[in-house]
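To keep things clear, I will list the structure first and then write my remarks on it.
What you see is a predicted model; the values in this text were computed from it and never measured.
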Amino acid sequence: MILRSPISDAWRDEFLANSLRSWAVAAITAAALFLILLIAKRLFVTRFGKIAERTTNRFDDMVVATLAKTRTWVLLAFSLLIGLDQLTLPSRVDTHLAPAAKLILLWQMALWGSAAISFWIKHHLNSRAEAGERASVAMVTAMGVGANVLLWVLVIITAFHSVLAIDVTPWIAGLGVSGIAVALAVQNILGDLLAALSIVFDKPFDVGDTIGVDNITGVVEHIGLKTTRIRAQAGEQIIIGNGDLIKSRMRNYRRQYQRRIAFPIEVAFDTPPETLAGLTGEFEKIVNAQTPVKFDRCHVLAIGEAGIRIETVYYVLDPDYKKYAEIQQAINLAILRLLLERSVALATTSSVSILRRPQSTAQ
């Protein structure tokens with residue numbers, strides 16, 4: 001006669017078509033798997049995160065930030081599903097386990113994608129701030145919101161189609177027709193939005209730059225989703241649509257690293273050639289005495305209607321207009337002193353002499 005202990009008999013008791021031993025094994029499996037996944041997540045985020053901080057590559061930082069958004073309840077649900085998979089469950093329960101697992105996985109993937117988008121937005125704003133660029137934060141943030149909305153729409157459509165077996169083709173067709181109608185109605189706004197994206201990525205100018213558009217010159221104060229605000233030199237604020245701004249020929253004066261200056265001086269016709277030849281060398285000395293400049297050339301270039309034109313060309317190695325004005329003023333004053341010392345007269349329209357051949361008189 002074989003004696004059975006009460007404990008062994010209790011393990012054989014069934015609950016929902018499974019013995020208590022099977023339930024215990026499933027629970028231990030789920031608990032052990034949950035602890036392993038939780039520890040693995042924390043070790044990966046902490047250890048790999050320290051390694052990623054020492055590298056210049058941003059991809060590993062994004063991976064750490066993304067995996068850090070793994071929800072604890074997702075790990076718990078995944079562990080429970082693995083444990084329940086070892087049991088013999090009723091058909092109505094078993095048929096819902098796979099769809100539930102897919103929904104949880106889709107939800108977690110959406111959270112990972114949202115974390116990656118947030119990391120990209122934060123990194124993009126920080127990199128532009130370090131580079132001295134001050135494009136509109138609202139515009140970049142709006143791009144992140146749009147990317148998140150698109151991500152969740154795709155996740156919801158995938159859930160309805162793949163998990164719940166709902167035909168989403170009519171929905172997609174309806175959204176497509178509605179999208180075309182909306183795009184036609186707001187095509188100007190969409191054009192400005194796309195132009196704003198072009199400004200952000202192509203970077204033709206930034207906040208604080210002095211730009212010239214057509215006959216407008218001013219400082220960029222704000223780059224928005226639809227318009228850009230420019231403070232004109234006269235003081236008024238000019239608002240231009242981003243689409244119109246991108247289509248225009250634009251001059252960015254802030255990115256000008258030097259100025260090329262070509263200034264002519266016309267002296268009287270009676271100036272001796274020897275004096276003219278000496279003036280070009282003196283003009284070169286006057287220009288080279290200024291800083292920061294780079295002399296290019298000085299020539300007796302032409303004989304005009306009012307006088308003999310001497311053209312001097314040099315570069316101011318500083319984009320500041322005030323600096324250029326001070327240098328040009330010093331050059332002009334030095335040239336006037338030189339002309340006075342050499343008794344060289346400047347040409348005027350009243351000093352034009354018209355030479356005619358004398359006509360012979362008939363005898």
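Residues Phe269 and Ile303 meet the side-chain proximity criterion, which asks for heavy atoms closer than 4.5 Å. With a 4.5 Å cut-off on side-chain heavy atoms, Thr70 and Val45 do not count as touching. Put simply, the side chain of Ile104 reaches to within 4.5 Å of the side chain of Leu81, judged on heavy atoms. Annotation: side chain of Gln237 is not in contact with side chain of Ile230 (no heavy-atom distance under 4.5 Å). Here the side chains of Val219 and Asp209 are not in contact, with every heavy-atom distance at 4.5 Å or above. Within the 4.5 Å cutoff, the side chain of Thr66 has no heavy atoms near those of the Phe119 side chain. Side-chain atoms of Ile327 and Val293, non-hydrogen and from C-beta on, do get closer than 4.5 Å to each other.
Arg42 CZ: 12 or fewer foreign heavy atoms inside a 6.0 Å radius. Applying the 6.0 Å contact sphere to CZ of Phe78 captures no more than 12 heavy atoms from other residues, nucleotides or ligands. Other residues, nucleotides and ligands contribute over 12 non-hydrogen atoms within 6.0 Å of the NZ atom of Lys41.
The structure places CD1 of Ile39 at 10.0 Å from CG of Leu37, a figure rounded to the nearest 0.5 Å. Between the CG atom in Leu106 and the CH2 atom in Trp152 there is a gap of 9.5 Å [rounded to 0.5 Å]. If you take OG1 on Thr228 and CD1 on Ile239, they are separated by 10.0 Å, rounding to the nearest 0.5 Å. Taking CG from Leu301 and OG1 from Thr280, the interatomic distance works out to 12.0 Å, rounded to the nearest 0.5 Å. Here the CG-CE distance, from Leu151 to Met109, works out to 9.0 Å after rounding to the nearest 0.5 Å. Atom CD of Gln328 and atom CZ of Arg259 lie 11.5 Å apart (nearest 0.5 Å).
The hydrophobic clustering, which links ILVMFWY residues whose side-chain heavy atoms are closer than 4.5 Å, places Ile286 and Leu346 together. Phe263 and Tyr324 fall within the same hydrophobic cluster, where Ile, Leu, Val, Met, Phe, Trp and Tyr residues are linked whenever their side-chain heavy atoms come under 4.5 Å apart, directly or through other members. Phe48 and Met62 fall within a single hydrophobic cluster, where Ile, Leu, Val, Met, Phe, Trp and Tyr are joined by side-chain heavy atoms under 4.5 Å apart, directly or via other members. Residues Val316 and Leu333 do not share a hydrophobic cluster, defined by chaining ILVMFWY side chains whose heavy atoms lie under 4.5 Å apart. With hydrophobic clusters built from ILVMFWY side chains whose heavy atoms lie under 4.5 angstrom apart, Phe34 does not share a cluster with Leu67.
The main-chain N or O of Thr271 is never found under 3.5 Å from a side-chain atom of Thr275 such that the two would form a donor-acceptor pair. Distance alone, capped at 3.5 Å, places no donor-acceptor pair between the Ser114 side chain and the Ala110 backbone. For the pair Asp244 (side chain) and Gly241 (backbone), a donor-acceptor distance under 3.5 Å is absent. No donor-acceptor pair closer than 3.5 Å links the side chain of Arg337 to the backbone N or O of Glu341. Listed for the Asp318 side chain is a donor-acceptor partner under 3.5 Å among the backbone atoms of Asp320. In this structure a side-chain-to-backbone donor-acceptor pair under 3.5 Å is present from Arg71 to Lys69. Distance alone, capped at 3.5 Å, is enough to place a donor-acceptor pair between the Asn242 side chain and the Lys226 backbone.
When all heavy atoms are compared, the tightest approach of Ala347 to Gly307 is CB-CA, 3.7 Å. Taking each heavy atom of Ile331 and Gln290 in turn, the nearest pair found is CG1-CG, 3.8 Å. Considering every non-hydrogen atom in both Tyr314 and Phe295, the closest pair reads CB-CA, 4.1 Å. When all heavy atoms of Gln108 and Val74 are compared, the pair lying nearest together is OE1-CG2, 3.3 Å. When all heavy atoms are compared, the tightest approach of Val25 to Thr29 is O-OG1, 2.7 Å. Residues Ser198 and Pro204 approach most closely at O-CD, 4.3 Å, considering heavy atoms.
The closest side-chain donor-acceptor pair between Tyr253 and Arg255, if any, does not fall under 3.5 angstrom. For the 3.5 Å distance criterion, the side chains of Glu326 and Tyr321 fail to qualify, holding no donor opposite an acceptor.
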What's the verdict on side-chain contact (heavy atoms from CB on, under 4.5 Å) for Val220 and Asp206, showing C-alpha distance, side-chain angles and the deciding distance?
CA-CA 7 Å; Val220 179; Asp206 192 27; over 6 Å; no
Test Glu274 against Leu276 for side-chain contact (heavy atoms from CB on, under 4.5 Å), laying out the working first.
CA-CA 5 Å; Glu274 295 78 8; Leu276 291 173; over 6 Å; no
Could you go step by step and tell me if Arg251 and Gln256 meet the side-chain contact (heavy atoms from CB on, under 4.5 Å) rule?
CA-CA 9 Å; Arg251 300 178 297 277; Gln256 180 181 14; over 6 Å; no
Evaluation steps, side-chain contact (heavy atoms from CB on, under 4.5 Å), between Phe283 and Leu338
CA-CA 9 Å; Phe283 285 4; Leu338 176 65; 3.8 Å; yes
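Arg229 has no carboxylate O lying under 4.0 Å from a charged side-chain N of Glu221, or vice versa, which leaves the two without a salt bridge. Salt bridge status for Glu284 with Arg297: absent, with no side-chain N to carboxylate O gap under 4.0 Å.
Residues satisfying the side chain to side chain donor-acceptor pair (under 3.5 Å) criterion with Thr312, sequence neighbours excluded, are absent altogether. Under the rule for a side chain to side chain contact (heavy atoms under 4.5 Å, CB included), the partners of Ile238 that lie at least two apart in sequence or sit in another chain are Ile216, Ala232, Glu236, Ile240.
The one candidate from Ile310, Leu279, Ile265 that meets the side chain to side chain contact (heavy atoms under 4.5 Å, CB included) condition with Cys298 is Ile310. Of the listed residues (Val287, Asp296, Ile261), just one forms a side chain to side chain contact (heavy atoms under 4.5 Å, CB included) with Tyr315, and that residue is Asp296.
Annotation: Trp112 is not in aromatic contact with Trp107 [ring centroid separation under 6.0 Å not met].
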